[in-house]
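Labels below follow one simple rule: chain letters A, B, ... track the order of the sequence lines, proteins then strands, and each chain is numbered from 1.
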Amino acid sequence: MSQATEDTNPQRAKHDKLKELGVRPYAYRWDRTHSAAEVVEQFDALSEAKTEVSLSGRLMSRREHGKTQFGHLQDAGTRVQLYLRKDALGDEPFERLGLLDIGDIVGVRGEMFRTRTGEITVNVRELVLLAKSLRPLPEKFHGLKDVETRYRQRYLDLVVNEDSRKVFVARAKLTALVRRFLDGRGFIEVETPTLQPLYGGAAAEPFRTWYKVLEQEMYLRISDELYLKRLIVGGLDRVYELCKDFRNEGLDRTHSPEFTQVELYQAYADYTEMMALVEELFRFLAVELHGKPEITFQGRTVDLSKPWQRVRFTEALAERIEADPLELSDKMLLKVAARFNIKVEEGTSRVKLLDKLFEALVQDRLVEPSFVMDHPKITCPLAKEHRDDPRLVERFEPVVAGMEVGNAFSELNDPVEQRQRFADQLARHEEFATLDEDYIAALEHGMPPTGGLGLGVDRLVMLFTDTPAIRDVILFPQLRVHAAPSGEGEPIAG
RNA sequence: GCCCCGCUAGCUCAACUAGGCAGAGCACCGGAUUCUUAAUCCGUAGGUUGCAGGUUCAAUUCCUGCGCGGGGUACCA
């Protein structure tokens with residue numbers, strides 16, 4: 001038996017008492033005329049016309065003054081004061097207010113007025129309990145700070161912490177805006193498999209699962225890239241998908257094993273058009289969300305009205321290490337790392353070495369919105385060779401306020417070269433490399449030149465809501481299961 | 001995975017430095033109160049100090065292991 005349903009719990013006792021009195025503690029419906037935000041907004045007209053309004057929400061406070069009580073009703077993040085008079089409600093209903101608890105869901109009817117101190121208030125004529133709360137809410141003044149409880153019981157966080165609520169409302173707006181932006185440019189939204197027989201499109205360890213009927217191992221997608229490009233082959237010239245990808249890797253402030261990405265592919269475009277699209281999308285999002293082409297993230301204000309800085313991977317790195325990184329052997333690269341005090345292990349692959357050096361020596365210094373572009377060819381098997389330099393690929397990563405928010409390229413559409421690049425990757429024994437024959441077959445049917453882009457939606461939300469930890473933009477972040485206290489939460493059948 | 005830090009009442013926090021009856025505010029419960037708003041006033045109740053073990057006459061405090069969380073680091077096209 002949980003604590004809340006024990007007989008000694010005072011909220012439970014009130015619940016039982018209400019039932020004895022013939023009051024349903026859980027009502028079936030409530031007709032409301034206004035939201036709390038609407039009565040505040042339309043206050044002048046409503047109070048002047050003495051309109052009876054009907055509201056509903058959670059009771060957040062109650063102050064008794066003998067024959068009068070005050071309280072606050074919270075509805076969708078807006079609080080409205082309630083004024084409850086014995087002579088307006090009637091003796092018996094007024095007495096029953098004592099059976100209410102903070103946290104109860106109630107409906108009220110009454111006229112709007114302003115108290116002496118000027119607060120917008122409902123002069124309540126009728127109050128109906130809609131749902132009884134059996135557990136106390138976190139304290140009203142200090143709120144809920146314990147991060148673990150905030151994640152595990154997000155509903156409490158949402159009730160009590162207005163900032164948290166705002167982040168998730170902004171997240172919903174942001175994804176709607178991304179869709180509006182892409183729909184307006186002729187992209188269509190599609191859905192591709194989450195369970196894949198072969199993973200691909202990124203270098204990451206997948207989650208594995210077993211498909212019983214097909215008797216085969218399946219993988220949760222680490223990316224939807226290879227499916228979306230099959231659609232480009234099929235003549236769906238502009239497609240996007242906004243979905244979760246899963247990577248069986250560590251989690252930190254910017255990584256979640258289950259994260260949301262929007263990937264899009266545009267036929268007949270190359271990566272320069274993807275850069276323009278990113279610039280426009282960020283400007284659009286900032287203006288729609290903040291009213292100006294600007295974001296402030298962790299104290300840094302970023303101007304999105306200008307074109308982004310172009311930072312060429314090898315050139316920028318060459319400048320810092322005073323040598324062409326592509327001409328250096330793995331051994332030499334290790335020496336360079338040592339020279340700059342960058343920790344790398346002896347057996348680190350060339351791809352990782354280059355990435356490490358770049359991150360430590362260049363990326364950490366990027367403040368302005370930037371496109372890190374034209375990476376060494378070995379870093380990416382799916383990007384097309386650079387038109388001016390066969391050692392490079394046409395790829396870029398948008399970096400804003402020092403945070404990597406995506407990945408894009410001119411898509412490799414030569415099936416012969418694609419097969420070779422996959423094979424090279426396997427030959428280098430890169431972890432989690434795969435060779436997708438079906439995908440190559442699709443390319444063999446001919447894929448138009450295509451620009452592709454993936455953006456981390458969680459990271460966009462972080463940037464646009466100035467939230468430094470990815471957990472705080474995910475409603476239910478993954479956490480370890482708590483050891484169940486005795487008698488609670490054990491499986492009924494194992 | 002490794003390193004560091006945290007875990008005390010429903011919530012927010014003390015007490016730990018140097019071992020000596022586990023405390024406060026809010027919430028809850030009883031009472032007073034007809035414009036209050038962190039309402040106020042009076043009174044009561046609330047604890048396996050994350051879990052298990054050890055040292056000690058005595059452990060919230062010291063030690064060991066474990067659990068969960070946070071930060072860092074590693075991994076992460």
Q: Kindly state whether the ring of Y83(A) and the ring of F70(A) have centres lying under 6.0 angstrom apart.
A: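 Close enough - the centres of the two rings lie under 6.0 Å apart.
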For [N] and [M], measure between their [atom1] atoms and round to the nearest Å.
N       : M       : atom1 : answer
rC3(B)  : rU61(B) : C1'   : 24 Å
rC63(B) : rA24(B) : C1'   : 31 Å
rG70(B) : rA27(B) : C1'   : 27 Å
rA45(B) : rG50(B) : P     : 25 Å
rA52(B) : rU8(B)  : P     : 15 Å
rC26(B) : rC41(B) : P     : 8 Å
rU44(B) : rU48(B) : C1'   : 24 Å
rA22(B) : rA14(B) : C1'   : 10 Å

Would a 4.5 Å heavy-atom cut-off, applied to side chains only, mark [X] and [Y] as touching?
X       : Y       : result
H375(A) : F358(A) : no
Q81(A)  : R63(A)  : yes
Y219(A) : N248(A) : no
T314(A) : P376(A) : yes

[X] [atom1] to [N] [atom2], straight-line distance once rounded to whole Å:
X       : N       : atom1 : atom2 : result
R150(A) : rC11(B) : CZ    : C1'   : 14 Å
R116(A) : rC35(B) : CZ    : P     : 6 Å
Q478(A) : rG69(B) : CD    : P     : 11 Å
I342(A) : rC75(B) : CD1   : P     : 12 Å
K343(A) : rU73(B) : NZ    : C1'   : 6 Å
L156(A) : rU12(B) : CG    : C1'   : 15 Å
L479(A) : rG71(B) : CG    : P     : 11 Å
E119(A) : rC35(B) : CD    : P     : 15 Å

Does any nucleotide pair with [N] by Watson-Crick or G-U wobble geometry, both distances under 3.5 Å, and what is it?
N       : result
rU73(B) : rG1(B)
rG19(B) : none
rU48(B) : none
rU12(B) : rA24(B)
rU56(B) : none
rU61(B) : none
rU33(B) : none

Q: Can you sort out which residues in residues 407-429 of chain A have a heavy atom within less than 4.0 Å of RNA chain B? Ascending by number, please.
A: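 Residues of residues 407-429 of chain A under 4.0 Å from RNA chain B: N407(A), Q425(A).
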Q) Taking atom types as modelled and ignoring hydrogens, do the side chains of Y151(A) and D146(A) form a donor-acceptor contact shorter than 3.5 angstrom? A)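 No.
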(Q) Testing the 3.5 Å rule here: is there a donor-acceptor pair between the side chains of D436(A) and Y199(A)? (A)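 Checked: D436(A)/Y199(A) side chains show no N/O donor-acceptor pair below 3.5 Å.
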With a cut-off of less than 4.0 Å, is there a side-chain N or O of [X] near OP1 or OP2 of [N]?
X       : N       : answer
K356(A) : rU73(B) : no
R152(A) : rC68(B) : no
R63(A)  : rU40(B) : no
R135(A) : rG10(B) : no

Q) Between the base of rU36(B) and the side chain of E64(A), is there a donor-acceptor distance below 3.5 Å? A)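 No, no donor-acceptor pair under 3.5 Å.
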Just to be sure I understand the rule, does [X] reach a base, reach only the sugar-phosphate, or reach nothing, if contact means heavy atoms closer than 4.0 Å?
X       : answer
F358(A) : nothing
R471(A) : sugar-phosphate
A204(A) : nothing
Y151(A) : sugar-phosphate
H375(A) : nothing
G201(A) : base

Q: Give a yes or no on whether a salt bridge exists between E430(A) and R350(A), defined as a side-chain N under 4.0 angstrom from a carboxylate O.
A: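 Salt bridge: no.
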Q) With a 4.0 Å cut-off, would you call R125(A) and E52(A) a salt bridge? A)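 Judged by the 4.0 Å cut-off on N to carboxylate O distance, R125(A) and E52(A) do form a salt bridge.
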Q | Pairwise salt bridge (Lys or Arg N to Asp or Glu O under 4.0 Å) hits with a residue in residues 90-101 of chain A, at least two apart | A |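 Every pair satisfying salt bridge (Lys or Arg N to Asp or Glu O under 4.0 Å) with a residue in residues 90-101 of chain A: K14(A)-D101(A), K86(A)-E95(A), E92(A)-R96(A), D101(A)-K132(A).
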(Q) Does the plane of the ring in F246(A) sit parallel, tilted or perpendicular to the ring in F207(A)? Use 30° and 60° as the thresholds. (A)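 The rings of F246(A) and F207(A) stand perpendicular, inter-plane angle above 60°.
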Q: Would you kindly compare T115(A) and E249(A) by the position of their nearest RNA chain B nucleotide and give the one closer to the 5′ end?
A: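 Upstream on the strand: T115(A).
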Q.
Which is more 5' along RNA chain B, the nucleotide nearest D252(A) or the one nearest A469(A)? Just name the residue.
A.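 The residue closer to the strand's 5' end, by nearest nucleotide, is A469(A).
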Q.
Closest approach to the side chain of R480(A), judged atom by atom: which nucleotide of rG70(B), rU34(B), rG1(B) is it?
A.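 In terms of side-chain proximity for R480(A), the closest of rG70(B), rU34(B), rG1(B) is rG1(B).
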**Q.** Exam field: side chain R230(A) to backbone E225(A), donor-acceptor pair closer than 3.5 Å
**A.**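 Looks like no, no N/O pair under 3.5 Å.
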Q. Taking R58(A) for the side chain and D75(A) for the main chain, is one N or O donor matched with an acceptor at less than 3.5 Å?
A.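 No, the answer is negative, given that no donor and acceptor are paired below the 3.5 Å cut-off.
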Is there any protein nitrogen or oxygen under 3.5 Å from a nitrogen or oxygen in nucleotides 24-29 of chain B, and what are the pairs?
from    : atom 1 : to      : atom 2 : distance (Å)
rC26(B) : O2'    : E139(A) : OE2    : 3.2
rA27(B) : OP1    : K140(A) : NZ     : 3.0
rC29(B) : OP1    : K14(A)  : NZ     : 2.3

